[in-house]
Amino acid sequence: MIKSYFKVALRNLWKSKGFSAINIIGLAAGLGVCLLIVLYVVDELSYDKYNTKADRIYRLDADLYFNNTQFSAAASPRPLARTLVKDFPQFQQMVRINAQGDVMVKKAGHWIQDHHLVYADSTFFQVFTVQMIQGDPNTALNEPNSLVIDETTAKRYFGSTDVVGKRLDLENNTTCKVTGVIRDIPRQSHFHFSFIRTLRDIPPRDDNDWLSNNYQSYVLAKPGVSQASLQRDVDATINTYMSRQLQEVLHASLQDLEKQGSHFRYRLRPLTDIHLHSDVSYGFEPNGNINYVYVFSFIAILILVIACVNFMNLSTARSANRAKEVGIRKVAGSTRGNLIAQFLTESVLLSLFALVLALGFALLLLPMFNNLSGKELHAGMLFSGRFLPILVLLVLLVGCLAGSYPAFYLSSFQPIQVLKGQIASGFKSSWLRSTLVVGQFFISIALIIGTLVIYRQLNFIRSREVGFNRNQVMIIHNAYTAGDPVKTFRKEVLKIAGVTDATLSGDMPTNGSGYSQNGWFRDISLSAKDVIVMTSLYVDEHYVPTLGMQMVKGRNFSIEEFPTDSLGIIINESAVQLLGFKDPLNQKVYRPDFNRSGNGQLVGQAFHVVGVVKDFNYSSMHEKVLPLVMSLSDNRGSMALRFQGGNIPNLVQQVQAKWDAMAQGVPFSFTFMDNDFNKLYHADQQTGQVFVTFAVFAILIACLGLFGLVTYAAEQRTKEIGIRKVLGARVTSIV
């Protein structure tokens, strides 16, 4: 019986080649796009699952709310994780990581700027599953100046991975001994480190500091322990230790602060939730977004629905051609169940052919999709063991879904009515098909609207005023490596024609994150009820004019004209609102000065407001502009040069020549601020492009179905067209 179903199905598909081709192509396009979306979703959901203990690893995230200021970050105090493991046996292990970012490394007598340096506890390899090629993971980070590097870095500097015992010269006259080489961390990870130094190399000044958040801390729970139970232990630790230090510093306990509406909390974030569910600051790398996964999954379902609707419409439109077949089969003794099985076999077989074509379609589009999405998906994923059940299920699901209505509709014909010719024309009779076509194009129009909205959003990101002028600004990175001569270098580059200003600061507004958060007080009494947390940027007096920021009130720093500006600050409009100043100029705010405190009494240092800068986006536009303080500091992290017009390659060449003459052996590394700004929203741009691409495919598939219906309509009206032509109708009028 099954063999007969397949024979008849193949004959019917071959008999109606045009109908079959349109259906197969439509289904193949829908399935192909759906497969690409499935690959994307599976990849997003697989982050950090390469860790064998992933279900027991948690990150400690700060959740601080203090006098109307929210601070949420992937950061915690240095002693927190260590104390949890010491005091509570259900915490099996912990590791603390302090990210440093870029690092200068000497190779063959020349300095090279490299990336992704962190300091970590020696327990790093006991928590995370990172394969070590050379060295002992149990002892690799035990000794001072120990260094573990990844496979790519080892080959870059030594040409092989057999490098344990060799030495690398790093910045600040530091020589580290390579004690281990690890496999490159998998791409589906929320962090990627090239250099891991032992945490012992960071002076333990903050070993008992519960009020600073300078580390990303991870804890490994024992098997079978619930997250809720672990969270209670974290809360108890904070209530014990942090409350004690708050009492010493602010003379207020956690309970007192909570009564005022403030809180100091640290949340356990499951490792596998970090990539898609974490939107806090100070993450190692930009995260994904679970909402994108939902949206793309929904689009995949819509595309499949559109492709299936095409099949239903064309099948029911051909009902008149199959009506006599159904009538004769029923007269010959075929049951309705047999007919349903026959038609479902045809649709599943057609779905199978479409899947084969869809796999080729997906493979063809995969490079373009990788380019759009920033992924590194490969063809082998489509043919892996875990994907095979998905493909089989997809064939059955699409085949049954697309063929269900035609099967039940066609099998319901009564033999007497069919043989008497009382079944109306399939194209004209189905109100359901008309409803499906309307629904199909409703979905397509909704996708078009969504596409336009996303396009406008992306255009908004590119064109919105962000409070500073990012155009024609060059940023020289790691200016601090040049030492004191960098200030002379600034004066020299100002002599270059086209360079209008230059500033030295590591806190550029296109960094995206990593700025200091400090507590400030409205009153010298340093009362807990008056403390507010504001972002701090450490700048020089050229920062505001170089970056084209607008002063709303007051003036910019000028240390030569106003020596007291060493204790002056510039605040933004949001800070003015939070502080409640009607006229902020010359108002004083206070910052704790731990160097001058004595006898357990906190001493405040007064700063006076010299100006108010217009709010600018110093972090992502996804986040609200928070209160900001800019103060004078010798911060040489980077140098920004503003230039105008001229020959940019020639200007870069002149700046580099002066850099090479001043900082011999230190590489010249630069970017342009507008490019750095675009990188902050690269993920948004990619996601928008992927959405637009999928929406276009959905619309094309819907149009393919309509083309099939129109083609079949023309075929049904062949006699009418012939009569019209005989009576003198032109082709254009018939069209």
Side-chain angles (χ1 to χ4, degrees), residues 37-65 70-76 80-81 84-85 88 90-97 99 118 120 123-124 126-130 185-193 213 215-235 237-238 263 265-298 373-375 386 512-513 620 622-623 683-684 686-687:
I37 295 177
V38 169
L39 287 178
Y40 175 90
V41 170
V42 169
D43 183 80
E44 286 289 286
L45 294 175
S46 65
Y47 268 70
D48 294 305
K49 291 183 179 177
Y50 67 90
N51 290 283
T52 57
K53 305 168 187 172
D55 59 328
R56 297 191 283 128
I57 302 174
Y58 300 87
R59 188 180 69 189
L60 289 158
D61 288 357
D63 174 20
L64 313 181
Y65 184 77
Q70 178 70 43
F71 176 66
S72 300
S76 59
L80 176 56
L84 290 171
V85 174
F88 299 98
Q90 55 190 6
F91 288 95
Q92 182 175 321
Q93 194 50 274
M94 66 86 200
V95 59
R96 297 162 298 183
I97 301 174
V118 298
T123 53
F124 180 87
Q126 298 174 34
V127 176
F128 298 109
T129 305
V130 180
I185 295 174
R187 194 186 57 80
Q188 290 95 348
S189 175
H190 76 285
F191 59 61
H192 295 87
F193 307 142
N213 292 282
Y215 299 84
Q216 289 208 20
S217 302
Y218 299 81
V219 290
L220 173 66
K222 289 187 175 179
V225 182
S226 69
Q227 182 178 344
S229 174
L230 296 170
Q231 187 63 57
R232 286 194 292 271
D233 294 338
V234 173
D235 295 341
T237 301
I238 294 300
H263 62 250
R265 297 171 188 157
Y266 289 86
R267 306 293 188 189
L268 287 168
R269 174 88 60 182
L271 181 68
T272 52
D273 284 358
I274 291 175
H275 178 65
L276 291 176
H277 298 273
S278 175
D279 58 353
V280 296
S281 305
Y282 299 102
F284 288 121
E285 297 175 10
N287 288 329
N289 191 322
I290 189 61
N291 291 322
Y292 294 153
V293 173
Y294 294 148
V295 167
F296 288 140
S297 300
F298 186 61
S373 63
K375 297 286 186 183
R386 65 176 179 173
S513 63
S620 171
H622 292 290
E623 301 173 13
D684 297 285
Q686 285 181 326
T687 304

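For reference, positions follow the sequence shown, starting with 1.
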Checking [X] side chain against [Y] main chain: does a donor-acceptor pair fall under 3.5 Å?
X: H192; Y: P186; answer: yes
X: N287; Y: S278; answer: yes
X: R56; Y: A221; answer: yes
X: D273; Y: P270; answer: no

Contacts of [X] that satisfy ring pair (Phe, Tyr, Trp, His ring centres under 6.0 Å) - sequence neighbours left out:
X: Y218; value: F128, H190
X: Y47; value: H275
X: F91; value: none
X: F296; value: Y40, F694

Distance in Å, I37 CD1 paired with F298 CZ, rounded so as to fall on 0.5 Å steps: 11.5 Å

Atom pair CG (L60) and CZ (R96), whose distance is rounded to the nearest 0.5 Å: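 Spacing of CG (L60) from CZ (R96) equals 11.5 Å.
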
Decide side-chain contact (heavy atoms from CB on, under 4.5 Å) for I238 and L80; before the verdict, give the C-alpha distance in whole Å, the side-chain angles of both, and the deciding distance to 0.1 Å. CA-CA 8 Å; I238 294 300; L80 176 56; 3.9 Å; yes

Side chains of [X] and [Y] in contact at under 4.5 Å (non-hydrogen atoms):
X: R187; Y: K375; answer: yes
X: T272; Y: D55; answer: no
X: D63; Y: H263; answer: yes
X: I57; Y: V127; answer: yes
X: V41; Y: V38; answer: no
X: I290; Y: V293; answer: yes
X: Y58; Y: R269; answer: no
X: L268; Y: R59; answer: no

Take R265 and L64 through the side-chain contact (heavy atoms from CB on, under 4.5 Å) test and state the conclusion after the steps. CA-CA 6 Å; R265 297 171 188 157; L64 313 181; 5.9 Å; no

For [X], enumerate each residue passing the side chain to side chain donor-acceptor pair (under 3.5 Å) test, keeping only those at least two apart in sequence or located in another chain.
X: R232; answer: none
X: Y50; answer: S189
X: N289; answer: N291
X: N213; answer: Y266

With sequence neighbours left out, the residues meeting salt bridge (charged side-chain N to carboxylate O under 4.0 Å, His left out) with D233 are none

Heavy-atom pair with the smallest gap, counting every atom of S217 and A81: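 Taking every non-hydrogen atom into account, CB-CB, 3.9 Å.
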
Restricting to non-hydrogen atoms, name the atom on L276 and the atom on L45 that form the minimum distance, rounded to 0.1 Å.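 Where L276 meets L45 most closely, the heavy atoms are CD1-CD2, 3.6 Å.
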
Apply side-chain contact (heavy atoms from CB on, under 4.5 Å) to the pair I97 and F124, showing each step before the final yes or no. CA-CA 9 Å; I97 301 174; F124 180 87; 3.9 Å; yes

Can a side-chain donor-acceptor contact be found between D43 and Q188 if the only test is distance below 3.5 angstrom?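 D43 and Q188 do have a side-chain donor-acceptor pair below 3.5 Å.
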
Side-chain donor-acceptor contact under 3.5 Å, Q216 with S76: no

Working for side-chain contact (heavy atoms from CB on, under 4.5 Å), residues V118 and F191: CA-CA 11 Å; V118 298; F191 59 61; over 6 Å; no

Partners meeting side-chain contact (heavy atoms from CB on, under 4.5 Å) with [X] (sequence neighbours left out):
X: D235; result: Q231
X: Q126; result: Q93, T123
X: K222; result: P89, Q92, V225

